[in-house]
Structures are given as structure tokens and as C-alpha cells.
Amino acid sequence: MIKELLFSFKSPSRDDLNVYGFRFGNKKEGYPKIAIVSGMNGEEIAGVFSAAQLVHFLQERETLDPNFINGEVLIIPSVNHFALNMGKRFWPLDNTDINVMFPGYDKGETTQRIAFKLFEAIKDFNFGIVIEDRKDKADCMPYIRLIDSNYMDIEGAKSFGLQFIHTKKFEPVDSGSLLYNWEVWGAKAYSIVFSGKKYLFQTENDLVLDALIRFISIHKIINLKVSGGYKSDVVSHENVEIVKSPKAGIFKPIVKTGIQVREGQLIGIVYDSLSGEVKSHIHAKSDGIVSCMYSDPLIFQQTIVFRIVKFNNK
Amino acid sequence: MIEKSLNIELPVSEDFRVQKNRFLPVNLDIDEVIEEKVKRISIVSGTHGDELEGQYVCYLLSDWLNNNKDKINGIIDIYPALNSLGIDSITRSIPFYNVDLNRIFPGKKNDFLPSQIAEGIIEEISGSDFAIDIHSSNIFLRELPQVRMSAEFKDSLLPLAKKMGIDFVWIHDAITVLEATFAHTMNSRGTKTLVVEMGVGMRITPEYCFSLVEGLKNLMAYLGILNIPVVNLKEPVISENGEVFYLNAGNSGLFVPTTAHYEIVKHGDKIGNIVSPLSGKIEEEVFSPANGVLFTLREYPIVYEGSLLARIFAFYEDHK
Ligand SMILES: [Zn+2]
């Protein structure tokens, strides 16, 4: 394993932004190369942790067996440490998002330059994995996200063995994402989405770490036998029921993510924030599994409180 | 007449609201106004909560209208603070969501709060013949008073911009992300909408505000909304007749300009220094890449490599 300084940015007053990559492997002929990136924003703490756990796992195994890794693995657990270290989401000076700046521009604004330098380091890989969080205030079961385009690789995504693969329609904002630009450049790219802005959940982190190890082992990048994981369901907006809060107030969920619910079941309550009266009972409108849940006690009208993956006949 | 025009319930004992001041022709009520099909203009500001030049423009214009009611021939709606939560809290985006309101138009009613706000604003202002959306750059850059427009709407908008006594008109290519702006949405729906960018965030520049108010009055006179004579204000420089040069910082540090905003500069003229407060050394000297006008200049001094320092407009040879 080599810990490499991939690039560095000078700050006027604080420490330099030093972005490190952990490079593993023997680069044997015929084996693929994979790059894994997390921490492009300062709230992707769960992603940073999972990537770091993978660094730790590979390092331990490689020490025991120098031939453990066939291909090449580059892991970049964190890019935006400046935001992470001060509880901000985006680039602290100008509040811009690195993950909308790809492929980057070396003569542009700061975050365009960061995206450019990062992309230079990772674009020529066979596989690319972005571990990211959701933009909205939602806790979700870890899932694979793919942008619906000619490039998307549903079959490949199944080798993570996570429960859901979610395909979403391409929107203009996706054109600057790392996921999309990796695909355009020719890599098979996947995004693992899960949250953990405020707490780490051990079971979710274990799921993601297992999924990463499973993926690289199935592609023979490492010499390890793994369990098969879930037989992933491919979901899109058509088989996800969106449940919204009709009222603003204080929100209390009754269920958790990963739980099976039945049509008509009470799953959340919105209270009047001053009188404490119940303003709204929130019920599931179909049978399914709660895949995402709103994660803030303050709630606005029309906020999506639950996403329920509906059972299809299987 | 001050009206609340958008009410959305917030979690704790407050409604999100947008307020407008509506001016009608004297002696006509709203039904008669609609009957007579008089023209309607909406003047909006405060989409970005850290941009305040428009606040003063709205005050100055309302003050003038309050004292010149007999000159009003149309409907003039003034909305100083579209992102009212942001304006009252120095927050550029919509607080709580960290979403730029000017990137989510036209919005949807049954979507999250920022999208509901956008939808409500479009619903409210739709039907106006004209709209002016006043921005003041951001906290980082000082801008010359300018109108910005997408090339696709140039034919209908440029003649209006020329009546406003503005310094510069920047016509840009269609950009995908800008399709989600207020102006693009309104222009696509038939309201001729001009975007004004001027001054700098978190401050007001009184001379720009005075000048824009005169420009808006002149535009409204030209459109028949105000019954005052149309005058010849200065002609704007049009971006299509030259080239815009961008100067980005090559180093991090403290940017100290050595040239004033809106100066004419020559190729090789010094624009400023990036200095290190710690070492006492100059990290980078910044020079002009062209002969032209320094129409954008960095106001916020802390820079990283890549931060925009200035923009220079240079005329093509045949337009000098
Ligand atoms: Zn603005």
C-alpha cells in the first residue's frame, strides 16, 4: 500500500488541503483497476468512514498475503476536509459543491480546479465508485444509485449485493457529477448512497463495507471468497411510494428504515409545535419496505417523510 | 397598497411570506385596471438573501411613486424580498435547505419548501407584461450596473435594456443550469424579464441605486406605464462587440487591488497583488491580459487559487 499525496491546495491561513489516495495492488496483467471516492462534501462522514474501513481491511490482508490483491485499488476517503473539519457541507469559502464541477477546469474557480485535479487522478480506471449522501434530509438504507443513461450498468451493480438499485432520470445537474463524468469517460461507475450526517450506524456501515469487498472480490481484484449478499431489486420512481407530510410542525416517526410496513399502517405523526396537538397521522399507502425516512424533527408542508419500496410479485 | 402574496406554513408558529407593494393608476380599482388592459410590470429582488442593492432601489422607487401617483398609467408591483428568510438572515440560499432559489424555477406546489416558494412566485407574477429581477453579484465581486440576458431572448429584451441607462449588457449563450432561473422561466412564459446585476453583496452602492431608479422610470415611460417624458440616457456597451477576459487567482492569499473598479486598463497594467499577511511577501502580481474596461473587480479579499479576481471587457478592433 502506498499513501500518495494526489494533489494539494494552499489556503491563505489554515493548513494546506492535502488530498491523499491509498493505492493497493500488484497491477497484474488482465485484472481491473478500481477507484473509490468519498467525502466530496463535509456531511459525507459515513462515506469517509466506510472508505477508511476498506483501506484498513485491505492493508491488513495485504500484510498477511502480498498476493492478496491482483488488480489495482485506489481509495480516496476524503476530498473536502476543509468542510468536514468545520461542520460545513460545501467548499467553505464560496459554498460551492465539488460534485457538480466535473470534469473540472484547470483554469477556473477553486472547486472546478479541485474537481479537475481529482478527475485527472481517477478517470482512467475500469471501475469507479462514489460513496455519497443524499442532498435532502433523509436517512436511507444503503443503496446503489445509477443515472438512467446508455452508460448505466445494472448487471454490474448487482455484484454489490445491496438490497436496492435505484435508477433515476438524468437531470441537468447530473451533468457535473463525478458518477456521470466517470461513465462518459468510459469507466463503469456506481454510486453508493447512504447517510450518517450526525451518527454512524454500525449495521449500515458494515453493509457498505461488505458491499465494497464483495464487489472487488467478484471482479477478482482481490483473492477472497465472499457471501452472495442480497439479490438486488431494481427500483425506480414507479415502484417507490412517496409519502409526504400534509402539515408543518414537529415530526415523530413510528417506524425505521428497513422495516416492512402494511397498507394503512400508522408510520409517523406530525404535532403542532406549540399546542402539542396531533396535526396529522401519516399512514403507508401500500405494502413495502421503508427505504428512506426524513431525518429532522422540524418538518415543512409537503416534505417527503417516507419512501416505501412497494413489493412486486416475486 | 401592501399585500401579502404567498403564505406557506413553517414548523413553529410562523408563515413564510412574500410581500409586494402594488401601485395602480389613480382613480382606477383593480377590476377597472384589468378591464382597461393596462400594462403590468413586476420589479423583484432579494432572490439571494445576501444581495441588498435591490432593497434600496425598491425603497427609492416606491418613494417616488408614493409622491407621483398621478403619473402612473399601469400596474407596478414591487417585491423587495422574494427569499424573505434569507434577506433577514444574511443567507444567500433558502435557509434550512441550502438551496439556491434561482436554480429551482419554475418549482412545484407539492414539492419541498424551496420548490413551493418558486412555484408561488411564478404563479404570483405570471401575467405581468414585464419583469425586472435585481441582483447584486455576490459578496465576492463588485459589478458595474449591467443587464444580463440569454441570446435566445435578445431580440425582445435588448431594446428594453437600452432604455435603462445601464453601463453594460451581457448577452450569454444558453446554459442548461440557467434554465432554472426566475428570468428564464418568466421569459419562456411570455413575460419580458430583464436581470440586473450591480454592485456587491451585503452592501448598497447609492449612486448605482439612484441611477437604476432613473433607468427603471425611463423604461416604464417608454412602455407607457409611467406618464413622464422618455429621455435619452446613456447607451450600454454590448458584450457581443468584444470579448470578456477572466482573471483567476494563481495563488492563495489576500487580494489587494491597485486599480479602481470601472477603470480603463491596458494590456500589462497592474490590477493588484495577492499578498501573504504572514510572510509579508507578495505571492502574485496580477496584470491585465487585454486593453479594456475592468467591469468586475473582487471585493472580498481572501482568495484561494482559482478565485475570480476580475473580468475585463475588451472591444473588438472594429468597435473601438
Ligand atoms: Zn443574485
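No hydrogens, no waters, no symmetry mates; every other heavy atom, side chains included, goes into these values. Keep in mind the model is a prediction, meaning the values are calculated, not measured. To find a chain, count down the sequence lines: A is the first, B the second, and so on, and within it residues start at 1.
- Between the OH atom of Tyr97(B) and the NZ atom of Lys135(A) there is a distance of 15.5 Å, given to the nearest 0.5 Å.
- Using a 4.5 Å cut-off between heavy atoms, Ala249(B) touches chain A through its backbone atoms (N, CA, C, O) alone.
- Within a 6.0 Å radius of NZ in Lys123(A), more than 12 heavy atoms belonging to other residues, nucleotides or ligands are found.
- Residue Ile302(B) holds its CD1 atom at 5.5 Å from OG of Ser13(A), rounded to the nearest 0.5 Å.
- When all heavy atoms of Lys279(A) and Glu9(B) are compared, the closest pair comes out as NZ-OE2, 2.6 Å.
- Between Glu305(B) and Lys10(A), no side-chain nitrogen of the basic residue sits less than 4.0 Å from a carboxylate oxygen of the acidic one, so the salt-bridge criterion is not met.
- Proximity to chain A (any heavy atom under 4.5 Å) is shown, for Ser307(B), by both the backbone and the side chain.
- Between Tyr300(B) and Leu93(A) the shortest heavy-atom distance is CE2-CD1, 3.9 Å.
- With a 4.5 Å cut-off on non-hydrogen atoms, Phe90(A) touches chain B through its side chain but not through its backbone.
- Ile299(A) is not listed as a side-chain neighbour of Pro11(B), based on a closest heavy-atom distance of 4.5 Å or more.
- A distance of 10.0 Å separates CD of Gln302(A) from NZ of Lys109(B), quoted to the nearest 0.5 Å.
- Within 6.0 Å of CG in Leu266(A) there are more than 12 heavy atoms belonging to other residues, nucleotides or ligands.
- Remark: Arg203(B) CZ is loosely packed, at most 12 non-hydrogen atoms of other residues, nucleotides or ligands lying under 6.0 Å away.
- Geometrically, Lys137(A) engages Phe96(B) in a cation-pi contact, judged by NZ or CZ lying under 6.0 Å from the ring centre and within 45° of the ring axis.
- Classified by interplanar angle (parallel below 30°, tilted 30° to 60°, perpendicular above 60°), the ring pair Phe82(A)/Tyr304(B) is tilted.
- In this structure, the portion of Tyr294(A) lying under 4.5 Å from any heavy atom of chain B is its side chain and not its backbone.
- Within the 4.5 angstrom heavy-atom criterion, no atom of Leu254(B) approaches chain A.
- Within a 6.0 Å sphere centred on NZ of Lys88(A), heavy atoms belonging to other residues, nucleotides or ligands number 12 at most.
- In this structure, Pro12(A) and Gly253(B) approach most closely via the heavy-atom pair CG-N, 3.8 Å.
- Scanning both residues, Ser11(A) and Ser252(B), for their nearest heavy atoms gives C-CB, 3.9 Å.
- To the nearest 0.5 Å, atoms CG (Asn95(A)) and CG (Asn98(B)) are separated by 5.0 Å.
- Few gaps surround CG on Leu5(A); more than 12 heavy atoms of other groups in view lie less than 6.0 Å from it.
- Side-chain contact check for Thr110(A) versus Asn248(B): every heavy-atom pair is 4.5 Å or farther apart.
- Of the two parts of Glu179(B), neither the backbone nor the side chain holds a non-hydrogen atom closer than 4.5 Å to a non-hydrogen atom of chain A.
- Annotation: side chain of Phe112(B) is not in contact with side chain of Asp136(A) (no heavy-atom distance under 4.5 Å).
- For Lys107(A), the NZ atom counts as loosely surrounded, since its 6.0 Å shell holds 12 or fewer non-hydrogen atoms of other residues, nucleotides or ligands.
- Among Asn110(B), Val303(B), Leu113(B), Leu278(B), the residue making the largest number of heavy-atom pairs under 4.5 Å with chain A is Asn110(B).
- You'll find the side chain of Leu298(A) reaches within 4.5 Å of the side chain of Val12(B), heavy atoms only.
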